[in-house]
Amino acid sequence: MRDSRPDVLDTLVREIDSPSPTATRQAREIASNSPRLAQLPLEHRVEALAGLMASANMLAGQAWQPIQQRRGPAARSWAAEFYMRLATDPAVSFWANSSITDGLALAAAWPLPLRVARCMGLAGSLGTAELAGYPPLLKGWEW
């Protein structure tokens, strides 16, 4: 059986789009590196996605404001981890706690990072016969 990993990831990466050409380019770069990032510790994966959060103020609109106000300088990292957990962790609501509504509003207003997080989550599982069980939903995503 042929490994479908490159075809599936390439398709997902091509589907990543944003009104901002800069954000699109950055998101596609992160998603393209998903197989490599999937081998790194979770903190490094979150850090990779946090770079995309520089565009949040412009692209997420009003949904970014509550997170920025509550988290201050840690807003980018928190949002990146929220997107990653939303894509990979069935217990995201426990982690986010009272900020779950703000996080979901952000994801609804600006789904681009969620698409990138999905690519990162799937990269470690595509082309394998292994199931991670529950939890974690995906192999290598033991939050």
Side-chain angles (χ1 to χ4, degrees), residues 3-128 130-143:
D3 182 1
S4 62
R5 171 187 261 155
D7 295 337
V8 172
L9 284 177
D10 288 346
T11 300
L12 288 173
V13 170
R14 279 193 308 274
E15 295 296 321
I16 291 173
D17 197 18
S18 169
S20 165
T22 301
T24 298
R25 189 171 37 260
Q26 188 176 14
R28 286 180 179 170
E29 182 178 325
I30 295 166
S32 293
N33 286 319
S34 291
R36 181 185 61 79
L37 292 169
Q39 304 305 311
L40 298 176
L42 290 168
E43 302 82 35
H44 294 281
R45 296 179 228 173
V46 170
E47 185 180 309
L49 188 59
L52 186 58
M53 297 302 118
S55 302
N57 196 39
M58 179 179 71
L59 297 173
Q62 296 290 344
W64 179 245
Q65 300 314 312
I67 294 167
Q68 179 66 44
Q69 289 170 356
R70 181 180 285 189
R71 305 281 172 194
R76 290 180 185 180
S77 293
W78 185 89
E81 186 165 347
F82 178 81
Y83 278 114
M84 298 291 284
R85 286 180 179 270
L86 189 59
T88 64
D89 184 7
V92 64
S93 61
F94 294 109
W95 173 83
N97 202 357
S98 63
S99 297
I100 188 72
T101 304
D102 293 340
L104 291 173
L106 178 64
W110 190 35
L112 178 68
L114 186 56
R115 292 184 192 118
V116 175
R118 179 179 58 198
C119 285
M120 293 172 76
L122 291 174
S125 299
L126 290 174
T128 68
E130 291 183 46
L131 296 176
Y134 182 81
L137 210 53
L138 299 168
K139 182 179 180 244
W141 290 89
E142 293 84 10
W143 289 101

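Everything numeric here is computed off the predicted structure, so don't read it as measured data. Index from 1, following the sequence.
Contact annotation: the side chain of Leu49 never approaches that of Glu81 to less than 4.5 Å [non-hydrogen atoms, C-beta and beyond]. With contacts defined as side-chain heavy-atom distances shorter than 4.5 Å, the pair Leu37/His44 does not qualify. Residues Ser98 and Arg70 have side chains in contact (heavy-atom distance under 4.5 Å, counting atoms from C-beta outward). Two residues are said to be in side-chain contact when any heavy atoms from C-beta on lie closer than 4.5 Å; Tyr83 and Trp110 meet this criterion. Residues Ser34 and Arg45 form no side-chain contact, since every pair of their non-hydrogen atoms from C-beta on lies 4.5 Å or further apart.
In this structure a side-chain-to-backbone donor-acceptor pair under 3.5 Å is missing from Ser99 to Asp102. Judged by distance alone, the side chain of Gln26 and the main-chain N or O of Gly51 form a donor-acceptor pair under 3.5 Å.
Of all heavy-atom pairs spanning Phe82 and Leu104, the tightest one is CZ-N, 3.6 Å. Nearest heavy atom pair, residue Ala23 against residue Ser55, reads CB-OG, 4.1 Å. Residues Ser77 and Val46 approach most closely at O-CG1, 3.9 Å, considering heavy atoms. Contact detail for Ile100 and Ser93: the closest heavy-atom pair is CD1-CA, 3.8 Å. Residues Pro66 and Ala63 approach most closely at CD-O, 3.5 Å, considering heavy atoms. Of all heavy-atom pairs between Pro35 and Gln39, the closest is O-CG, 3.5 Å.
Atom CD of Glu29 has 12 or fewer neighbouring heavy atoms from other residues, nucleotides or ligands inside a 6.0 Å radius.
To the nearest 0.5 Å, atoms OG1 (Thr88) and CZ (Arg118) are separated by 13.0 Å. Atom CZ in Arg25 sits 12.0 Å away from atom CG in Leu52 (nearest 0.5 Å). In this structure, CZ in Arg76 is found 7.0 Å from CH2 in Trp64, a value given to the nearest 0.5 Å. Taken to the nearest 0.5 Å, the CH2 atom of Trp78 stands 4.5 Å off from the CD1 atom of Ile67. The structure places SG of Cys119 at 4.0 Å from CD1 of Ile16, a figure rounded to the nearest 0.5 Å. Interatomic distance, CE of Met53 versus CG of Leu59, reported as 10.0 Å (0.5 Å rounding).
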